[in-house]
Chemist: 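First the structure, then my questions, so here it is.
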Amino acid sequence: MSHHASNDREDETEERGFSPSRRNFLKTAAFAGAAVSLTSSFAYANGEIGFWAKDLPDEKLIDMYTTILRIRWYERTCVDKMLTDPDYRGYNHFYAGQEAVATGVSAALNNTGGVMEADLVYSTHRPSGHAIAKTVDVKKMAAEYDFRATGLNGGYGGEMHIADSSVGFMGADGMIGPGPVMATGSAFAIRARGSKQVVVNFGGDGTYATPAFHSALNNATILKLPFVYVVENNLYHQYAHYSYSTPMEDIAEAAKTYRIPGVVVDGQDVFQVYNAAKEAVDRARAGEGPTLIEAKTYRYYNHWGAPGAKPGELGAFGYDPLAISSFRPEREVRAWMQRDPVDICRNTLISWEVLDGAKAEEIEAAAKQEMIEAFAWADEQPFCNPEDGLKNVFVEGTVPARQFG
Ligand SMILES: Cc1ncc(C[n+]2csc(CCOP(=O)(O)OP(=O)(O)O)c2C)c(N)n1
């Protein structure tokens with residue numbers, strides 16, 4: 001099966017300065033029907049294999065599809081648990097609908113070698129997708145979500161504090177704001193050590209108007225840090241449309257102020273996300289400084305929890321008097337669900353002859369089963385001990401004032 005074959009007008013494309021791969025990227029954009037603009041453009045690269053999603057080996061593309069589905073079924077299993085199990089203690093912000101963003105970005109990162117070698121991801125209060133794409137163990141994650149002692153962080157963190165530095169997942173963050181500042185500090189440390197790691201910070205559209213957003217980009221630019229800021233613009237922060245806090249339609253425009261590349265991508269198309277992320281990550285790794293990527297996306301559930309959702313059904317609709325779930329029109333939710341990241345990825349891979357329908361179903365069934373088993377395992381685990389809640393919070397001893405040079 002080959003997805004490289006093409007009999008299009010290669011010569012004309014090259015005349016315009018695009019590599020054949022670049023042309024394929026444009027075709028992918030057209031396929032997805034996406035409105036994509038570059039607010040300030042990258043230098044187009046190079047015939048390097050794997051630079052554009054379409055040139056990646058089949059195995060890697062299938063891995064991306066699998067990751068999207070693993071996130072989707074983690075979410076759906078968790079939603080159903082929250083709706084049907086009165087003993088479930090998790091307090092969750094669901095990521096369903098946004099899976100292609102975390103998947104496309106992490107596919108461009110190195111997730112191995114531990115905290116001193118892997119690329120680092122700083123996540124948000126909506127962390128499941130970022131964690132799974134970064135290869136965090138889903139059983140331990142499910143246990144942590146329900147405050148179990150064998151969870152990722154001993155059951156003391158819950159969803160908003162999951163972390164696993166061994167794969168470079170530096171943690172979720174319940175606070176809106178500090179994440180980008182910690183992430184740039186971390187990028188500064190990487191540069192001071194002379195390591196080749198890259199730091200990615202995920203933030204919602206709600207982070208635009210915080211001082212941390214601007215402080216992070218300003219410092220990352222001035223210091224030319226290996227840093228990529230990915231804004232997941234899902235249109236709302238909590239229950240407010242982002243136009244309440246942002247003067248422009250494309251948050252990526254903020255990049256102009258900092259004289260760095262700002263890119264808008266269709267966040268429902270994992271391959272477009274990958275293309276932008278790969279370019280930004282390579283740029284950061286080469287010492288050329290930060291990039292701001294804005295992925296246009298949407299969440300299928302409420303700000304937190306699953307009011308309006310029904311077990312076994314994807315998405316939450318309608319009005320729930322017990323929660324503020326009527327902040328957006330039902331037809332808006334349904335319209336976005338027509339551009340589902342799972343469907344877009346599957347249809348693209350089928351058109352590239354990387355997958356067929358039967359194989360796609362097999363991958364989905366396995367992802368679903370894996371998550372059912374992860375949550376069932378979590379259910380069997382002991383709870384953490386509330387009395388030990390402050391253990392591992394404070395460090396004892398002294399830290400040398402100057403650690404480098
Ligand atoms: C400093 C701070 N202020 C307020 C909150 C409450 N809060 C939680 S999520 C959120 C909005 C986040 O919006 P966005 O960044 O767009 O992410 P989304 O929830 O849409 O994914 C707010 C205000 C918080 N967690 N931290």
Side-chain angles (χ1 to χ4, degrees), residues 71-72 74-75 78-79 82 90-105 121-133 145 157-163 171-184 200-217 228-254 264-265 267-268 273 292-309 315-316 323-329 332-333 336-337 341:
I71 302 171
R72 171 62 55 87
Y74 184 91
E75 293 286 283
C78 194
V79 166
M82 202 179 221
Y91 176 100
N92 306 136
H93 301 78
F94 294 111
Y95 190 73
Q98 303 185 201
E99 295 91 340
V101 185
T103 303
V105 171
V121 159
Y122 284 77
S123 177
T124 66
H125 58 289
R126 201 176 294 291
S128 64
H130 309 146
I132 293 172
Y145 269 43
E159 178 212 41
M160 279 189 285
H161 300 99
I162 53 168
D173 192 350
M175 299 298 290
I176 306 302
V181 176
M182 291 191 284
T184 41
V200 172
N201 177 79
F202 286 99
D205 41 284
T207 63
Y208 168 79
T210 68
F213 175 96
H214 299 280
S215 157
L217 283 185
V228 180
Y229 196 126
V230 180
V231 172
E232 292 186 76
N233 187 350
N234 61 17
L235 307 190
Y236 297 90
H237 24 65
Q238 282 191 321
Y239 309 104
H241 193 267
Y242 78 105
S243 56
Y244 281 91
S245 63
T246 311
M248 63 280 211
E249 196 176 325
D250 293 336
I251 294 173
E253 262 188 56
V264 178
V265 288
Q268 306 312 92
V273 176
L292 174 62
I293 296 173
E294 178 187 6
K296 306 282 193 189
T297 186
Y298 202 75
R299 60 176 139 84
Y300 292 170
Y301 293 93
N302 195 43
H303 166 62
W304 82 271
I324 315 169
S325 58
S326 53
F327 61 98
R328 58 190 187 183
E332 183 183 279
V333 183
W336 274 88
M337 289 178 77

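In listed order, ligands and their atoms are each counted from 1.
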Chemist: Evaluate side-chain hydrogen bond (donor to acceptor under 3.5 Å, both in side chains) for Tyr229 paired with Thr207, printing each intermediate quantity in order.
Modeler: CA-CA 11 Å; Tyr229 196 126; Thr207 63; 2.7 Å; yes
Chemist: When the ring planes of His93 and His125 are compared, do they come out parallel, tilted or perpendicular, using 30° and 60° as the limits?
Modeler: perpendicular
Chemist: Looking only at heavy atoms, is any part of Tyr236 under 4.0 Å from ligand 1, and if so is it the side chain, the backbone, or both, or is it neither?
Modeler: backbone
Chemist: At less than 4.0 angstrom from any non-hydrogen atom of His303, what atoms of ligand 1 do you find?
Modeler: 9 (S), 19 (O)
Chemist: Flag atom 3 (N) of ligand 1 as yes if some protein heavy-atom distance to it falls below 4.0 Å, otherwise no.
Modeler: no
Chemist: In terms of ring plane angle, is the pair His303 and Tyr239 parallel, tilted or perpendicular, where the classes change at 30° and 60°?
Modeler: perpendicular
Chemist: Name the closest protein heavy atom to atom 26 (N) of ligand 1, giving the residue it belongs to and the distance to 0.1 Å.
Modeler: Ile176 N, 3.1 Å
Chemist: In the protein, what heavy atom is nearest to atom 8 (C) of ligand 1, and what distance, to one decimal place, separates them?
Modeler: Gln238 NE2, 3.8 Å
Chemist: Met175 heavy atoms, cut-off 4.0 Å: which ligand 1 atoms fall inside?
Modeler: 1 (C), 26 (N)
Chemist: With a 6.0 Å cut-off (strictly less than), is the heavy-atom count around CD of Glu332, excluding the residue itself, greater than 12?
Modeler: yes
Chemist: Quick one: look up the protein heavy atom nearest atom 13 (O) of ligand 1 and list residue, atom name and how far away it is.
Modeler: His237 CB, 2.8 Å
Chemist: Over 60° means perpendicular and under 30° means parallel, so classify the ring planes of Tyr236 and Phe327, tilted if in between.
Modeler: perpendicular
Chemist: Quick one: look at Asp205 and ligand 1, take heavy-atom pairs under 4.0 Å, and tell me if it's side chain, backbone, both or neither.
Modeler: both
Chemist: If we check side chain to side chain contact (heavy atoms under 4.5 Å, CB included) with Val231, which of these qualifies: Phe213, Tyr242, Phe202?
Modeler: Phe213
Chemist: Any atoms of ligand 1 less than 4.0 Å from a non-hydrogen atom of Gly206? List them with their elements.
Modeler: 13 (O), 14 (P), 15 (O), 16 (O)
Chemist: May I ask you to list the atoms of ligand 1 that are less than 4.0 angstrom from any heavy atom of Arg126?
Modeler: 18 (P), 19 (O), 21 (O)
Chemist: Near Asn234, which atoms of ligand 1 are under 4.0 Å from a heavy atom of that residue?
Modeler: 18 (P), 20 (O), 21 (O)
Chemist: Has ligand 1 got any nitrogen or oxygen that is less than 3.5 angstrom from a nitrogen or oxygen of Gly174?
Modeler: yes
Chemist: Is the centre of the Tyr208 ring less than 6.0 Å from the centre of the His214 ring?
Modeler: yes
Chemist: Kindly state whether the ring of His130 and the ring of Tyr95 have centres lying under 6.0 angstrom apart.
Modeler: yes
Chemist: Can you confirm whether Thr297 sits close enough to Gln268 that some side-chain heavy atom of one is under 4.5 Å from a side-chain heavy atom of the other?
Modeler: yes
Chemist: Below 4.0 Å, non-hydrogen atoms only: which portion of Arg299 touches ligand 1? Side chain, backbone, both or neither.
Modeler: side chain
Chemist: Check each heavy atom of His125 against ligand 1 and say whether those closer than 4.0 Å belong to the side chain, the backbone, both or neither.
Modeler: side chain
